[in-house]
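Below: one structure, written as structure tokens.
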Amino acid sequence: MKDGLKKLEIAGIFFVIILSVFLQNLFRLTDRNLIGVMFGSVNNSIWEFTKTLLLPYFLWSMIELLSVRMPFRKFVVSKTVSLYFLGLSYILITFVTNLLGLCTNALPELVAAVACVAMAQCLSLRLIRSDFSTKNLYLPSILLLLLFVSLFLSFTVFPPEMYIFKDRDTGLYGIIPQYIDRGAIALDTFYGFTD
């Protein structure tokens, strides 16, 4: 079991990254349909890229659960902790690199994504193999998973006006209108800084 779980965790890194790249383009591939809105990246914000990492991670966790026999409660707790770790660490790393001006292309974001997914998989594996008691953590984990699903479904359509939800190209939030003059927005942003 332990060796099989370790191989699954390593394979999960590749699964999450490959599916994440596909989901980042799903909005355009589906011609702005509902599937693309809910599961793809609708703009160039930090949240939209994080969302495309979290869904494949969640799906891979379900594949692991069906593939390897392990204590169910410990698995749920470890995957919930690692899911939140993945989301928060990727948001934090991307936020800092954007503020420092290091994210000028997709390569730093890809490196950050691979590192965060690998750390989350290692954390999950360590928690599953550890001897900690899940007696008091199972119900909070279920509530955190329900919170994750509700936030996942609502933040694309109704994003709060916070930096991590702001499109880095246009400065808009949520779904960007299809026919928008990006040059006018850039010019307006430029003149907004000079006032």
Side-chain angles (χ1 to χ4, degrees), residues 11-63 79-80 82-121 144-186 188-189:
I13 297 169
F14 297 105
F15 176 84
V16 171
I17 296 302
I18 291 169
L19 190 56
S20 174
V21 170
F22 172 73
L23 290 177
Q24 288 174 8
N25 296 304
L26 185 65
F27 185 62
R28 286 190 304 273
L29 291 173
T30 60
D31 200 27
R32 304 172 65 92
N33 285 336
L34 182 62
I35 296 290
V37 169
M38 294 312 296
F39 304 114
S41 181
V42 299
N43 62 31
N44 192 19
S45 67
I46 295 172
W47 164 252
E48 292 298 321
F49 286 112
T50 306
K51 174 176 95 168
T52 61
L53 283 175
L54 295 176
L55 180 63
Y57 189 82
F58 185 76
L59 292 174
W60 187 256
S61 298
M62 297 300 107
I63 292 170
K79 286 300 178 177
T80 303
S82 61
L83 178 77
Y84 274 87
F85 173 80
L86 171 61
L88 294 174
S89 64
Y90 183 74
I91 287 171
L92 182 65
I93 288 171
T94 309
F95 179 74
V96 169
T97 55
N98 281 337
L99 287 180
L100 296 176
L102 300 175
C103 269
T104 56
N105 58 27
L107 185 61
E109 288 190 9
L110 179 64
V111 170
V114 170
C116 289
V117 171
M119 288 187 301
Q121 292 288 58
L144 284 173
L145 284 176
L146 293 174
L147 176 66
F148 164 73
V149 170
S150 65
L151 293 177
F152 184 90
L153 295 175
S154 64
F155 278 164
T156 296
V157 183
F158 306 108
E161 291 195 11
M162 296 170 57
Y163 181 77
I164 64 168
F165 299 100
K166 185 178 184 179
D167 180 53
R168 292 176 271 187
D169 295 334
T170 62
L172 301 174
Y173 296 90
I175 302 169
I176 307 299
Q178 189 170 5
Y179 303 107
I180 189 166
D181 187 357
R182 294 182 187 268
I185 291 173
D188 185 48
T189 305

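The residues of the chain are indexed from 1 along the displayed sequence. Every heavy atom of this structure was used, including side-chain atoms; hydrogens, water molecules and symmetry mates were not.
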Inset, instruction - Keeping the roles fixed (side chain from Tyr90, backbone from Phe85), state whether a donor-acceptor pair exists under 3.5 Å. - result: no
Inset, instruction - If the plane angle is over 60° it's perpendicular, under 30° parallel, otherwise tilted; pick one for Trp60 and Phe15. - result: tilted
Legend entry - Over all atoms of both residues, closest heavy-atom pair of Leu26 and Ile35: CD2-O, 3.8 Å
Legend entry - Closest approach of Cys116 to Ile93 (non-hydrogen atoms, all atoms of both residues): SG-CD1, 3.6 Å
Legend entry - Atom pair CZ (Phe49) and CG (Asn44), whose distance is rounded to the nearest 0.5 Å: 4.5 Å
Inset, instruction - With rounding to the nearest 0.5 Å, note down the distance linking CZ in Phe95 to CG in Leu88. - result: 13.5 Å
Legend entry - Donor-acceptor contact below 3.5 Å, side chain Asn43 vs main chain Asp167: no
Inset, instruction - Taking all non-hydrogen atoms of both residues into account, name the closest pair between Val16 and Leu53 and its distance. - result: CG1-O, 3.7 Å
Inset, instruction - Calculate, to the nearest 0.5 Å, the distance between atoms CD and CG belonging to Gln24 and Leu29 respectively. - result: 11.5 Å
Inset, instruction - Could you check if a side-chain atom of Tyr57 sits within less than 4.5 angstrom of a side-chain atom of Ser20, using non-hydrogen atoms only? - result: no
Inset, instruction - Could you tell me whether the side chain of Leu23 reaches within less than 4.5 Å of the side chain of Leu19, counting heavy atoms only? - result: yes
Inset, instruction - Look at the aromatic rings of Phe155 and Trp47 and report parallel, tilted or perpendicular, splitting at 30° and 60°. - result: perpendicular
Legend entry - Any donor-acceptor pair under 3.5 Å from Thr94 side chain to Ile91 backbone: no
Legend entry - Within 6.0 Å of CZ in Phe14, more than 12 heavy atoms from elsewhere: no
Inset, instruction - Could you name each residue pair satisfying salt bridge (charged side-chain N to carboxylate O under 4.0 Å, His left out) that touches residues 35-59, not counting sequence neighbours? - result: Glu48-Lys51
Legend entry - Leu54 side, atom CG; Phe148 side, atom CZ - distance, nearest 0.5 Å: 5.0 Å
Legend entry - Thr52 versus Phe39, closest heavy-atom pair with distance: CG2-O, 4.2 Å
Legend entry - side-chain contact (heavy atoms from CB on, under 4.5 Å) evaluation trace for Leu144 with Leu83: CA-CA 10 Å; Leu144 284 173; Leu83 178 77; over 6 Å; no
Legend entry - Ile46 side, atom CD1; Glu109 side, atom CD - distance, nearest 0.5 Å: 8.0 Å
Legend entry - Distance in Å, Thr50 OG1 paired with Leu55 CG, rounded so as to fall on 0.5 Å steps: 13.0 Å
Legend entry - Nearest heavy-atom neighbours spanning Ser45 and Ile164: CB-O, 3.5 Å
